[in-house]
Engineer: 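The structure is given below, and queries will be raised subsequently.
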Amino acid sequence: MLVNATRMLKEAKAGHYAVGQFNINNLEWTKAILLEAQELNAPVILGVSMGAAKYMGGYKVVAAMVKALDEELGITVPVALHLDHGNYDAAKACIEAGFTSIMFDGSSLPLEENIEKTKELVKLAHDRGLSVEAEVGSIGGTEDGITGKGEVADPKECALMTSLGIDFLAAGIGNIHGIYPANWEGLQLSALADINAATGNIPLVLHGGTGIPDDQIVAAVKNGVSKINVNTDCQLVFAEATIAYCAAGKADPTAANTAKGYDPRKLLKPGFEAIRAKVKEKMTLFGEVGKAN
Ligand code: 13P
C-alpha cells in the first residue's frame, strides 16, 4: 500500500522503534525489499537517489514500477516511495512523477537559501499529500556523487528547520555514507540527544546505516531516531552472493550441470535472496517487525 511516510514515522517515534529506508537500484532490489517487508509485516521506505533514478530510466519509470509491483505482489504493509538526497529540481520532478515522499537536501546551500527552498517544497509537497525530509549538518562520505563533509548538526538550526513544517529531519551526528573508516569515532549520541530535545517530537533520520555497530543503532533509536537509511549493505551482499554464484561456475555455459545458470532469473537470484536476508536482519534490529497497521 503506497502511502507517505508521515504516519509510519510518527508511530515509530511514539513506539520507540525505527523504520528502514532501503535504497533501490532495479526491479530485483525493489521486489526483494517489498516481499520481505510484507513477510515481516513491517512498514518500509524505498529510497531512490537521483543517480539511481537516472539509471532506472527516470522518476516516472521508478514510480510506475513501484506502484505496479506494490499492486501485483499484493503488498498490504505501508510503503513510501521516497526521493533520497534530492536537489530542488529533483524534488519537484518527484512530486510530479507520483512519489509519496521527498528529501530535499539543501545542506550544501547557504542556510537562508536552504530555508526558502525547503518552505516552498513543503507547501508543494503537502498540497499533493507527500511527506518531506530536510537535512541539517551534512552526512559525511559520498553517495551517488553527493559528497558531504560530515558536520554535526547545530540543534538551533535543527529547530529552525523543523519549524518550517517538514515531517522528519536528517541531522548529521558523525554518520557517513558508505563503509566507515577504521578510525571512525562513532555516532555523537550526546549531540543526538541535544537535537532531539531541541526539535520536540519530530522523527529524526539516521543516514549511513551500513556499518554502524548494533548497540549504537539501538542507542540512536532510544534518542529519537525513527528512520534509518541503508544502501551500501544491500549492495555488498548482492555483489558477494552474485560473485560466489559465478565463482562456483554456475553461470558457465560450457560446464556440465549448469542448467542454464546464466539465465538472469537464476544469475540474480542469490543476490535477491541476500538482499531479503539483509532487510530482515536490519528490520529486526530496528524493532519494526510486526509494526505495520
Ligand atoms: P549507506 O549506504 O551507508 O547505508 O547509507 C545510506 C543512506 O544514508 C542513504 O541516504
Side-chain angles (χ1 to χ4, degrees), residues 5 9 18-26 29-30 32-33 44-56 62 80-87 90-91 94 99 101-108 131-153 166-182 184-188 192 203-214 216-217 220-221 225-240 271 274-275 277-283 285-286 288:
L9 293 180
V19 175
Q21 172 191 306
F22 298 93
N23 285 51
I24 59 172
N25 290 286
N26 61 18
W29 240 260
T30 312
I33 297 162
V44 71
I45 299 170
L46 301 177
V48 182
S49 67
M50 294 187 290
K54 190 171 171 199
Y55 171 77
M56 286 185 269
V62 176
L81 174 58
H82 181 71
L83 170 67
D84 188 29
H85 292 283
N87 62 24
C94 286
F99 277 50
S101 188
I102 52 166
M103 173 186 190
F104 171 53
D105 180 356
S107 62
S108 63
S131 46
V132 181
E133 173 179 347
E135 175 169 331
V136 179
S138 72
I139 314 299
T142 299
E143 183 183 57
D144 259 347
I146 311 281
T147 300
K149 284 187 280 208
E151 305 126 349
V152 174
I166 59 165
D167 303 288
F168 34 104
L169 178 72
I173 51 165
N175 40 334
I176 297 172
H177 287 129
I179 295 168
Y180 284 81
W184 180 55
E185 288 173 11
L187 294 178
Q188 310 276 313
L192 175 60
L204 298 174
V205 182
L206 182 64
H207 283 247
T210 298
I212 299 175
D214 289 1
Q216 293 190 39
I217 293 278
V221 173
V225 164
S226 316
K227 171 176 180 276
I228 303 176
N229 292 6
V230 177
N231 185 9
T232 305
D233 250 336
C234 290
Q235 298 186 357
L236 291 172
V237 296
F238 182 87
E240 202 179 300
I275 292 174
K278 182 54 75 178
V279 169
K280 182 174 187 176
E281 177 195 317
K282 292 293 174 183
M283 285 185 157
L285 174 64
F286 300 164
E288 62 160 317

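Positions are given from 1 along the sequence. Whatever order the structure lists them in is the order used to number ligands and atoms, beginning at 1.
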Engineer: Run the contact test for Asp233 against ligand 1 with a 4.0 Å cut-off on heavy atoms, strictly below, and give the result.
Structural biologist: no
Engineer: Compare all side-chain heavy atoms of Ile45 with those of Leu9 and state whether any distance is below 4.5 angstrom.
Structural biologist: yes
Engineer: Only heavy atoms of Thr232, strictly under 4.0 Å: list the atoms of ligand 1 that pass.
Structural biologist: 1 (P), 2 (O), 3 (O), 4 (O)
Engineer: Would you kindly specify which portion of Gln235 sits under 4.0 Å from ligand 1, judged on non-hydrogen atoms: side chain, backbone, both or neither?
Structural biologist: neither
Engineer: Are Met56 and Val48 packed together at the side-chain level, in the sense that at least one heavy-atom pair is separated by less than 4.5 angstrom?
Structural biologist: yes
Engineer: Under 4.0 Å from a heavy atom of Val230: give me the atoms of ligand 1 that qualify, with their elements.
Structural biologist: 4 (O)
Engineer: Closest heavy-atom contact between Asn23 and Ser49?
Structural biologist: ND2-N, 4.4 Å
Engineer: So, regarding Asn231 and ligand 1 (criterion: nitrogen or oxygen to nitrogen or oxygen, under 3.5 Å), is there a contact or not?
Structural biologist: yes
Engineer: Measuring from atom 8 (O) of ligand 1, which candidate in Gly209, Cys234, Gly208 has the nearest non-hydrogen atom?
Structural biologist: Gly208
Engineer: Which of the numbered atoms in ligand 1 are below 4.0 angstrom from a heavy atom of His85?
Structural biologist: 10 (O)
Engineer: Specify side chain, backbone, both or neither for Thr210, according to which of its non-hydrogen atoms lie closer than 4.0 Å to ligand 1.
Structural biologist: both
Engineer: Can you check whether Gly20's main-chain N or O pairs, donor with acceptor, with Glu288's side chain at less than 3.5 Å?
Structural biologist: yes
Engineer: Under a 3.5 Å threshold, yes or no: a donor from one side chain and an acceptor from the other, between His207 and Asn229?
Structural biologist: yes
Engineer: For residues Ile217 and Leu206, determine if any side-chain heavy atom of one lies less than 4.5 Å from a side-chain heavy atom of the other.
Structural biologist: yes
Engineer: Compare all side-chain heavy atoms of Asn231 with those of His177 and state whether any distance is below 4.5 angstrom.
Structural biologist: no
Engineer: Report yes if some N/O of Gly178 lies less than 3.5 Å from some N/O of ligand 1; otherwise report no.
Structural biologist: yes
